[in-house]
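What follows is a set of notes on a single structure, which appears directly below.
Reckoned from all heavy atoms, side chains included, excluding hydrogens, waters and symmetry mates. So you know, we letter chains A, B, ... as the sequences are listed, proteins then strands, and number each from 1.
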Number of protein chains: 2
Amino acid sequence: MTTQRPLRADAERSVRAILEAAERVLSRDPAASMEQIAEAAGVARATVHRRFTTRQALLDAMATDVVRQLDALIDEARPETAPPLVALHRITAGVLRVKLAWPFAMAWSMDPTSPLAEGQARIATRCDALLLRAQADGHLPPNTDLPWTRRVYYALLGEAAHTPTDIPDPDTLATLVLNTLLHGVGPRT
Amino acid sequence: MTTQRPLRADAERSVRAILEAAERVLSRDPAASMEQIAEAAGVARATVHRRFTTRQALLDAMATDVVRQLDALIDEARPETAPPLVALHRITAGVLRVKLAWPFAMAWSMDPTSPLAEGQARIATRCDALLLRAQADGHLPPNTDLPWTRRVYYALLGEAAHTPTDIPDPDTLATLVLNTLLHGVGPRT
DNA sequence: GTGATCTGAGACAGTAGTGTTGCAGTTAGG
DNA sequence: CCTAACTGCAACACTACTGTCTCAGATCAC
C-alpha cells in the first residue's frame, strides 16, 4: 500500500517524519485529525494524504512497523536456544522499549479490532513456545493455563509501560514484570 | 447536570434505556454516533439530546453511575472489618460483575482523561487501605510497592473481564485474579 | 379529566474532518 | 544540468455528526 517503487530520499524522510509525528500526536489524542499530524510532522496535510492515501493506511503502516520491530526483537532474543528465562527477559525488555517509544502504535497493533490478526497470532505463538520451554524447565507448573499466562504477561507489560516515573529503565522494568508474573506480589515463602 | 427536579416515570425510563443502549453500542464501537445510540435505545435522537444535553454529558452520566456502583459494592464488602482476603474476594467478584455488565463505562470512568479523578482517587485509596490490612495480616510482604500492587490488581481485573469464554462466573474469576495477584503463574513452592 | 410533561418526526444551521485536484516552486539524482 | 519526483498552498466537493428548534400527539400525575 505504502511503497511501490523506491521513494526518493526526501519522500522517505517525509514518511518517517509523518509516522513519528503520528505517534506523538495520537498517543496524546487518538482522535487527532490528519491536520494535527501533518502540523506536528512539519508537512502539509496534502503530503500526508499523498504518502498515506487514507487515515486507515497511516494507522496500518504504524502497526505494521511495530509488528516488524517485535518480530526482529524476538529473533534477537534467540527464544529457541537461549535459556528460557534469559530469552524471556530480553524479549520483555525489548517489548518495553518499543512500548515506551511507540505506545499508540503498539496498542493499536495489538488491538483485537486491528487488521493485523496474522502478526498478532504469530507473536502469540512464539510467546507460547517460549513459555512452554520455561515450563519444561520447571519455571511454570505442569498444569499451567497457557492462554491466561500469556494474557497476564501482556497485561503486566502494558502496566509496566505506563509507569509514571520519568525515563524508566527497560531492564529494571523487565525484572519487575517477570518477578510479578512468576511469583505475584505476595510474600516469597 | 442531568437531574433538576424528579423526572416523570416515562422520562426516567428513557434515561435508563439510553444509558443501557449507550453501553451496548459504545462497547462495540467507542466512536458510535448519538444516532446509533438513540436507535439502540428505541428513542428519537432528539430525546437523547433532551436527556443529555451533550455527548460528553451522556458519557459522564455513565461513568458516574459506574463509580457509584463501585462505591456501593465496596461498602457491602466491609473492607474495614471483614478479613482482608474475604473482603478482597468480594470486591474482586463485584468489580468483575460491573466490568462484565458495563465494560465501556467502566473503562471510561477509570481512564486518566476521564473527568472523575475524584472518584478514581477515592476508590484507589480504599483499595490501598484494604491492601494495607492484607499486608498487616502477612498476605503481602512488608516491603510491598503498593502503587505497583494496585496497578497489577487493576490490570488483572481488566484481563479477567475480557475472558473469551461465555458467561464466566465472577467468583471463579475472582479466585483466579487473586491467586495470580498473590502467587503469580509460577510453581507454588 | 385536565394540565403539565414528555415524545417522535423532521428540518435547520453549524462545525469539522476527509480525500482530491491543480499549479507553481523546490529538490534529488542520473 | 536537466528531468522526474516531490512539496506547499489553496481550493473544492463530500460526508458525517452535533446540537437546536418547532409542533402535533401521546402519556403521566394529580
Side-chain angles (χ1 to χ4, degrees), chain A residues 1-64 104-105 108 113-115, chain B residues 1-64 104-105 108 113-115:
Chain A
M1 305 295 168
T2 308
T3 64
Q4 310 206 17
R5 66 165 157 283
L7 291 175
R8 229 174 64 174
D10 51 354
E12 202 81 56
R13 244 177 297 152
S14 291
V15 169
R16 291 303 306 169
I18 292 166
L19 287 174
E20 287 166 15
E23 172 58 47
R24 279 199 305 278
V25 172
L26 293 175
S27 64
R28 287 186 180 276
D29 174 16
S33 68
M34 300 294 267
E35 178 119 45
Q36 291 173 266
I37 295 171
E39 188 184 359
V43 303
R45 189 172 64 91
T47 299
V48 178
H49 278 106
R50 272 188 210 105
R51 297 289 142 239
F52 305 95
T53 52
T54 228
R55 181 192 182 84
Q56 192 57 40
L58 172 56
L59 296 183
D60 292 353
M62 298 174 73
T64 304
F104 174 85
W108 162 242
T113 70
S114 143
Chain B
M1 303 294 170
T2 306
T3 64
Q4 310 204 18
R5 67 165 156 282
L7 291 176
R8 228 174 64 174
D10 50 354
E12 201 82 55
R13 245 177 297 153
S14 291
V15 169
R16 291 304 307 170
I18 292 166
L19 287 174
E20 287 166 15
E23 173 57 48
R24 279 198 305 277
V25 172
L26 293 176
S27 64
R28 287 187 180 275
D29 174 15
S33 68
M34 299 293 265
E35 179 119 46
Q36 291 173 265
I37 296 171
E39 189 184 358
V43 302
R45 190 172 64 92
T47 300
V48 178
H49 278 106
R50 267 191 279 263
R51 295 290 142 236
F52 305 95
T53 53
T54 226
R55 181 192 180 82
Q56 193 57 41
L58 173 56
L59 297 184
D60 291 354
M62 297 173 73
T64 304
F104 173 85
W108 163 241
T113 70
S114 143

Below the 4.0 Å mark, does [N] have OP1 or OP2 next to a side-chain nitrogen or oxygen of [X]?
X      : N       : value
T47(B) : dT7(C)  : no
R45(A) : dC9(D)  : no
R50(B) : dG19(D) : no
S14(B) : dT7(C)  : yes

Q: Map A9(B) and A46(B) onto DNA chain D by nearest heavy atom, then report which one ends up closer to the 5' terminus.
A: A46(B)
Given atom [atom1] of [X] and atom [atom2] of [N], what is their separation to the nearest angstrom?
X      : N       : atom1 : atom2 : value
D10(A) : dG8(D)  : CG    : P     : 10 Å
R8(A)  : dT27(C) : CZ    : P     : 10 Å
E35(A) : dT18(C) : CD    : C1'   : 11 Å
F52(A) : dC6(D)  : CZ    : P     : 13 Å
L7(B)  : dT27(D) : CG    : C1'   : 15 Å
E12(A) : dA5(D)  : CD    : P     : 16 Å
R13(A) : dG8(D)  : CZ    : P     : 12 Å
R55(B) : dT20(D) : CZ    : C1'   : 18 Å

Q: Check whether more than 12 heavy atoms from other residues, nucleotides or ligands sit under 6.0 Å from atom CD of E35(B), and answer yes or no.
A: no
Q.
Show the nearest heavy-atom pair for residues W108(A) and S114(A), with the distance to one decimal.
A. O-CB, 3.0 Å
Q: Determine the minimum heavy-atom distance between A40(A) and V25(A), stating which atoms define it.
A: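 Closest heavy-atom pair between A40(A) and V25(A): CB-CG2, 3.5 Å.
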Q) Among the nucleotides dG8(C), dT18(D), dC6(D), which one has an atom lying closest to any side-chain atom of R51(A)? A)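 Among dG8(C), dT18(D), dC6(D), the one nearest the side chain of R51(A) is dC6(D).
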(Q) Pair V43(A), R51(A) - check side-chain contact (heavy atoms from CB on, under 4.5 Å), show working. (A) CA-CA 11 Å; V43(A) 303; R51(A) 297 289 142 239; over 6 Å; no
Q. side-chain contact (heavy atoms from CB on, under 4.5 Å) with F104(B): which of R24(B), E23(B), R28(B)?
A. E23(B)
